[in-house]
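Per chain, numbering begins at 1; letters A, B, ... match sequence-line order. All values below come from the heavy atoms of this structure, side chains included, with hydrogens, waters and symmetry mates left out.
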Number of protein chains: 2
Amino acid sequence: MRQRRAANVLVEVLQEWHVDRVFICPGSTEAAALDALSEAGIALHLTTHESVAVAMADGHSRATGRPSVVYLHANVGLSNGLAHLWAARLARSPVVVLNGLKASGVQSREGFTTAPHVRSMVTDQVKWDWETLSADLVGEDLTRALGRAVQEPAGPTWLGLRQDLMETLTQCSVPPARRYAGVAGTRPARQAVQEAAAVLRAAERPLLVAGTEVARQRATRQLIELSDRLRAPVVLEDRRGLERVGFPTEHLHCAGLYTPTAPVVRDADAIFFAGCNAFVQFEDVGIDQVPAGVPVIHSHPDPDHLNRVYGADIALAGDQELVLRDVLDAVSDGSPPSGPREPRTTAAVSPAQIRRAALAGLEGRNPITATAAVATLTDLAGPDVTIVNDSTTAASLVLGMISVQTPDQYLATSSGSLGWGMGAALGFQLARPDRRVVAVLGDGVFQFGINALWTAAYYAVPVTYVVLNNQSFAANGAAIQRYRRATGRDADRPMPGVDISGTDVAAAARAFGVESVRIRELSELGPALEDMAAVAAPSLIEVMTDPADLGPAPF
Amino acid sequence: MRQRRAANVLVEVLQEWHVDRVFICPGSTEAAALDALSEAGIALHLTTHESVAVAMADGHSRATGRPSVVYLHANVGLSNGLAHLWAARLARSPVVVLNGLKASGVQSREGFTTAPHVRSMVTDQVKWDWETLSADLVGEDLTRALGRAVQEPAGPTWLGLRQDLMETLTQCSVPPARRYAGVAGTRPARQAVQEAAAVLRAAERPLLVAGTEVARQRATRQLIELSDRLRAPVVLEDRRGLERVGFPTEHLHCAGLYTPTAPVVRDADAIFFAGCNAFVQFEDVGIDQVPAGVPVIHSHPDPDHLNRVYGADIALAGDQELVLRDVLDAVSDGSPPSGPREPRTTAAVSPAQIRRAALAGLEGRNPITATAAVATLTDLAGPDVTIVNDSTTAASLVLGMISVQTPDQYLATSSGSLGWGMGAALGFQLARPDRRVVAVLGDGVFQFGINALWTAAYYAVPVTYVVLNNQSFAANGAAIQRYRRATGRDADRPMPGVDISGTDVAAAARAFGVESVRIRELSELGPALEDMAAVAAPSLIEVMTDPADLGPAPF
């Protein structure tokens, strides 16, 4: 191979993998890479805070299913990027974090922006981490970082790249991408599949639970077929672990969200948690949240994820499309496929019915409630709209009221990392210019994620941010109330950590060059959404909601 | 002891240590602590991003020399707080990070906002970390966290507090604070002190280097006496490691900043690096930056810090006031103290002279240069003003031009963590209402630290932010130019990662309720500073500077 600097090898590897954009928040350490990337015409999306770059890469990967690359600066840049890296990890997004590190000698001497144990910071957030040891290995190592990220179970990876190595000449070759991205999807053993099919066939009232991984691995069609075949109701997985919607919410068989107390769950005599992150517990509710004595089947792409919380009688690891196809075949056993029919139990009301019920008679009420705003918004969101839900106390409202046909209509994070949605919406929108992306945010979330506005405006990314401004960290208020009630403490003292009034969110957006409007009447929301749809740049709608309204199901 | 919940024990320990405020960014996990703290009347300073809380605690500790307590939420909150925790670590600020963690069962099941290795994230940023194992140990453990933080060499500590433990009843007692904060300062062995004194006395041209730790440990008076006694010039330590100024810059003996090429350094025949972080290297410049063959004395409170980079012939570990007093005594050897006299080499020009030279003839020039803005600002800053310097490419200008009499007039970080100054200024101001605090920021820094504006406004903290807006990440531009020149690459291609234009900084501040003004003429800066001095709340001055002016000494 011809001689060139390792920074240019990095470009060659990205080109080999058809990575045509990189999300960056660089410092001086990354000069060689910046120069090489820009020279090669790879799009560089600059951010003014690393959290934005990471969330953008996550959103981008969620849209494409392909690796997204983010380039961070030294120990401090990595620190700033960590919070939303939790989101990428939980979503199994193949986000490749390249981390510019100081030159070898500066590291030896614990100089500026170095850390002796920099990799220890990402122990839990990535599935693989490595620091390149030689300029000759940059090509190989980056190939591995990309390959490991996309290999199922997919997830973020981290690669440390020292400044001196990146500026060093090398003749190393670039490995072929197909050799490192070609691991075949896996299927469970036939015996286990047949056992699962037998359990489902024998059940009078089987219940299917549509998990995030069904959506991510594009196995929704198989789940629909299985539901039709079994005439089984389907619920979406528990909202704490739900990041994508794996089953059409307006389908006749869809019966809302998994809740241990719901009749459709309580009455089931077999439950199949298909691709579910069962469960992401919020509180310590023990390990008995699955009906006792009912056979449980659980499928997931990550074997380590199975049996993590509630166990399963039959645990099926593998690619969700292959797993569901196998189960479907075993259940069908040669008989012709059936179409959707009334399921064996009565389905719950649909999201469309829920939001219309919520809206009935609310029109003139003031101040606007979160329920009314979310019902209005979700009612207007057609199939070409992607809702990014990062709204804490209003999140369950959004999830309960949105009609979702395909996995690309809804995104959320189960990480609890506030502000994620502001960057994730940008990354998703860049990958999917054909869709309208609307991010629903709390005002606390806005405060955390405000740094994204600069990137949104600079690159004219046409997302619409809808900020439900109740001027509160409402989740804190709910938690304090709960604690006071549980311990018999004075419930009437003022609550600390709740009031965050004082910010004119719409004005802040304008200061960044983002078109915005503040509304106080529910009737203004529809027209505002329509107006903003015409803006070929980011926009923001600040909806002033009732601070006293903590929403129906606080985090 | 009477029975109460562990959260209330936490309050008792803080009261025992006279900690009367806590910097918070809570989630639901911290409900019990929030309730107990607010009930006890401990001031809670809410932030809308953890980075702000950590930087405030750091600034607060720098003002008081005492422990400051910050309470963060779960793994995601800790992640957000990490970047500025590097700053606290390098400043040896006794910042105690309390980290609310999910309840035991939720952690076992890897539930919401948990991380199996949460402590690995803070390996390098704190000097001690522990996760409390029982409600009965909360009092002891918090006492240790406070005690270890203030014990020299001081630094941040981290204590994990699980939700279920904090809500549990306990009869544990509260240890007396004095038992855990009473470690006597240490002094070096007499033999080493006498050797140091002999070297200094024998030298014809001894040079003293005033380090950050001299300022932090309040040993400036001793250093002045030593300088007077030896008639030795004093330089401030290399700017990369300088966080506080340990010697009065207008003193006759002060000769600017340590630079290997400066005559005062080159000509020295003995160098005493007193309390210096010698050195925080930015680039790999080898280990020969100290004049060859010249005897080197180095004192520092942290034994592990000595000999880290350049080695020392005589290394003195201990409290800087005690060390310098010992050296002074040994140098004096009973003879009466001398006063300041012309040092044996000619001192450099003073900061006052530097800024006046910079200002001569600049008045009408447009656009405003960073040099002109900084010269104007530093010329107006009297001894009652504290300058918080977080201005990247302009940082060396500020340091070179400011006249500093006491360590409380100047604060900076050597961490490279952008945005730190916006929170640190708030914490320092809260601790020192008698001083006027002015934070000098770059516009990139403003983008990183903008989240601080909410807290500034909500609590009406009367800091003045001065944002030098060159609409650039100028340091990136300088680094790319340097790389292109060094490698013979095309210097004229557009530079990626530099342009961050588009934000109306003053308007963004107003959106948060912070009074602000944007200026384009140098003559407006003085009046603006005067106007803002009258505001009993935060204020911001946006100074539009020349994007083409990268400053004289880019990072």
Side-chain angles (χ1 to χ4, degrees), chain A residues 24 26 28 31-32 34-35 38 44 46 48-49 75-76 79-80 82-83 86 103 105-106 109-113 115-117 120-121 123-124 240 280-282 284 308-309 415-417 447-448 450-451 454 457-458 475-476 479-480 483-484 489 496-497 500 502-504 507-508 511-513 555, chain B residues 24 26 28 31-32 34-35 38 44 46 48-49 75-76 79-80 82-83 86 103 105-106 109-113 115-117 120-121 123-124 240 280-282 284 308-309 415-417 447-448 450-451 454 457-458 475-476 479-480 483-484 489 496-497 500 502-504 507-508 511-513 555:
Chain A
I24 63 171
S28 57
L34 286 181
D35 186 64
S38 63
L44 296 175
L46 182 64
T48 53
H49 195 278
N75 64 329
V76 285
S79 301
N80 280 327
L82 286 179
W86 293 108
V106 180
R109 298 172 207 121
E110 297 181 40
F112 186 70
T113 62
H117 308 93
S120 77
M121 281 200 289
T123 304
D124 287 338
R240 305 283 182 197
V280 179
Q281 287 197 347
F282 181 73
D284 188 354
R308 192 185 60 159
V309 182
S415 66
S417 186
Q447 297 270 0
F448 272 75
I450 183 172
N451 319 74
W454 181 83
Y458 193 79
N476 288 343
I480 293 168
Y483 172 73
R484 286 177 177 172
R489 299 175 72 83
I500 54 166
T503 305
D504 186 330
F512 282 88
F555 240 23
Chain B
I24 61 170
S28 58
L34 286 181
D35 186 63
S38 64
L44 296 174
L46 182 63
T48 54
H49 195 278
N75 64 330
V76 285
S79 301
N80 280 328
L82 286 179
W86 295 107
V106 180
R109 297 168 206 125
E110 297 181 39
F112 186 69
T113 63
H117 307 93
S120 77
M121 282 200 288
T123 304
D124 287 338
R240 305 283 183 198
V280 179
Q281 288 198 345
F282 181 73
D284 188 353
R308 191 185 61 160
V309 181
S415 67
S417 187
Q447 297 270 359
F448 272 76
I450 183 172
N451 319 72
W454 181 83
Y458 192 79
N476 288 343
I480 293 168
Y483 172 72
R484 286 177 178 171
R489 299 175 72 83
I500 54 165
T503 305
D504 186 330
F512 281 89
F555 239 19

Does any backbone or side-chain atom of [X] lie under 4.5 Å from a heavy atom of chain A? Answer side chain, backbone, both or neither.
{"X": "B:Leu82", "result": "both"}
{"X": "B:Ala457", "result": "neither"}
{"X": "B:Phe512", "result": "both"}

Just wondering, do [Y] and [X] contact through their side chains at under 4.5 Å, heavy atoms?
{"X": "B:Val106", "Y": "B:Thr113", "answer": "no"}
{"X": "A:Leu46", "Y": "A:Tyr458", "answer": "no"}
{"X": "A:Asp284", "Y": "B:Arg109", "answer": "yes"}
{"X": "B:Val280", "Y": "B:Arg308", "answer": "yes"}
{"X": "B:Asp124", "Y": "B:Trp86", "answer": "yes"}

Looking only at B:Gly497, B:Gly105, B:Ala32, most heavy-atom pairs under 4.5 Å shared with chain A are made by B:Ala32

From the list B:Ile24, B:Ile500, B:Leu44, the residue making the most non-hydrogen contacts under 4.5 Å with chain A is B:Ile500

Pick whichever of [options] has the most heavy-atom pairs under 4.5 Å with chain B.
{"options": "A:Gly111, A:Ser79, A:Ala115, A:Gly513", "answer": "A:Ser79"}
{"options": "A:Pro116, A:Ala103, A:Ala508", "answer": "A:Pro116"}
{"options": "A:Ser120, A:Ala507, A:Ala31", "answer": "A:Ser120"}
{"options": "A:Thr123, A:Val76, A:Ile450", "answer": "A:Val76"}

Side chain to side chain contact (heavy atoms under 4.5 Å, CB included) filter on B:Asn80, not counting sequence neighbours, yields A:Ala83, A:Phe448, B:His49, B:Glu50

Short question: side chain of B:Ser28, backbone of A:Ala475 - any donor-acceptor pair under 3.5 Å? no

Turns out that what part of A:Leu34 lies under 4.5 Å from chain B's heavy atoms comes down to both

